[in-house]
Amino acid sequence: MFLSLSQLDQAEALIVQTKGNLHNKNFLSDVAEQFGLALGRDNGLRNADNDKKLSQVTSEVHDLSQVFTGGVYDILADIFLLERNLGVAGEDEALTLVNCAQYVFRLLLRAIQAAPATNATFADVVNKMLAIAAADGNRSPTATQSATSLPRARW
């Protein structure tokens, strides 16, 4: 997801495909699309744009990762929407999306580094993401609120 959005042409294609709403069906949220189609699924092996909660999945690591991936994708989509709405008229939406993806990627890495060194859970990482986003100060208050409120409902 982050690798794709580090490329301006991929960000432009995503905006065109979704009309700027990352919750519309798109190539980015369908993980391993070709494998999913080969298995007879409508989308990829996994859909990053999901609303799964821990209570809806097993303790198997791939099931758990769906919850985590969905939360991170929602944060990206919401921050992009807010930054896009706060943006200057004529500002390049694709560049805004690239910048939002870079921020969320760095936020995730910083949270992983700040999480406990042993026996860390997805919840530990999410809670660190929330704390770091709130402390950053360089994001809009609305974007930080989105990043801090959305994932809590999943855990």
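What you see is a predicted model; the values in this text were computed from it and never measured.
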| request: Locate the shortest heavy-atom distance separating Gln66 from Asn50; write the atom from each residue and the value. | output: O-ND2, 3.2 Å

| task | Find the distance between CG (Leu107) and CG (Leu76) and round it off to the nearest 0.5 Å. | result | 11.0 Å

| task | Please confirm whether the backbone N or O of Leu22 pairs with a side-chain atom of Tyr73, one donor and one acceptor, at under 3.5 Å? | result | yes

| field | Verify same cluster id: Val67, Ile112 (apolar side-chain graph, 4.5 Å) | value | yes

| request: Determine, using the 4.5 Å side-chain heavy-atom cutoff (strictly less than), whether Val126 and Leu109 are members of one ILVMFWY cluster. | output: yes

| With sequence neighbours excluded, residues passing side chain to side chain donor-acceptor pair (under 3.5 Å) with Thr58 | Asp63

| query | Which heavy atom of Phe68 sits nearest a heavy atom of Leu108, and at what distance? | reply | CZ-CD1, 3.6 Å

| message | Is the shortest side-chain heavy-atom distance between Phe2 and Val104 below 4.5 Å? | response | yes

| Any side-chain heavy atom of Asp124 within less than 4.5 Å of one from Lys128? | no

| query | Do any N or O atoms from the side chain of Arg110 and from the backbone of Ile132 form a donor-acceptor pair under 3.5 angstrom? | reply | no

| query | Which heavy atom in Ser59 sits nearest to a heavy atom in Leu64, and how many Å separate them? | reply | O-CD1, 3.4 Å

| query | So, for Leu5 and Ala101, which heavy atoms are closest and what is the spacing to 0.1 Å? | reply | CB-CB, 3.6 Å

| task | Give a yes or no on whether Val16 and Phe80 share a hydrophobic cluster (residues Ile, Leu, Val, Met, Phe, Trp, Tyr; joining criterion: side-chain heavy atoms under 4.5 Å apart). | result | no

| query | Under 3.5 Å, is there a donor-acceptor pair between the side chain of Gln17 and the main chain of Phe27? | reply | yes

| request: Start with the C-alpha distance between Glu12 and Leu8, add both sets of side-chain angles, then the distance that settles side chain to side chain contact (heavy atoms under 4.5 Å, CB included), and finish with yes or no. | output: CA-CA 6 Å; Glu12 288 170 347; Leu8 193 58; 4.0 Å; yes

| message | Between Arg106 and Asp136 (salt bridge meaning N to carboxylate O under 4.0 Å), is one present in this structure? | response | no

| said: Can you give me the closest heavy-atom contact between Ala94 and Ala11, atom names plus distance? | reply: O-CB, 3.7 Å

| said: Test of understanding: clusters of I, L, V, M, F, W, Y form through side-chain heavy atoms closer than 4.5 Å, transitively. Do Val72 and Val57 belong to the same one? | reply: yes

| said: Return the CG to CG distance between Leu81 and Leu97, rounded to the nearest 0.5 Å. | reply: 11.5 Å

| Any side-chain heavy-atom pair from Asp78 and His23 closer than 4.5 angstrom? | yes

| said: Among Leu28, Asn24, Asp74, exactly one meets side chain to side chain contact (heavy atoms under 4.5 Å, CB included) together with Asp49. Which residue is that? | reply: Asp74

| query | If Ile, Leu, Val, Met, Phe, Trp and Tyr residues are connected whenever their side-chain heavy atoms lie under 4.5 Å apart, and connections chain through other members, are Tyr103 and Met1 in the same group? | reply | yes

| field | Within-4.5 Å side-chain heavy-atom neighbours: Val98 and Gln102 | value | yes

| said: Can you see whether Asn99 engages Thr96 through a side-chain donor-acceptor pair at a distance of less than 3.5 angstrom? | reply: no

| message | Please check if the number of heavy atoms outside Asn119 that lie under 6.0 Å from its CG is greater than 12. | response | no

| request: Mind listing the closest non-hydrogen atom pair of Met129 and Ala111 along with its distance? | output: CG-CB, 3.3 Å

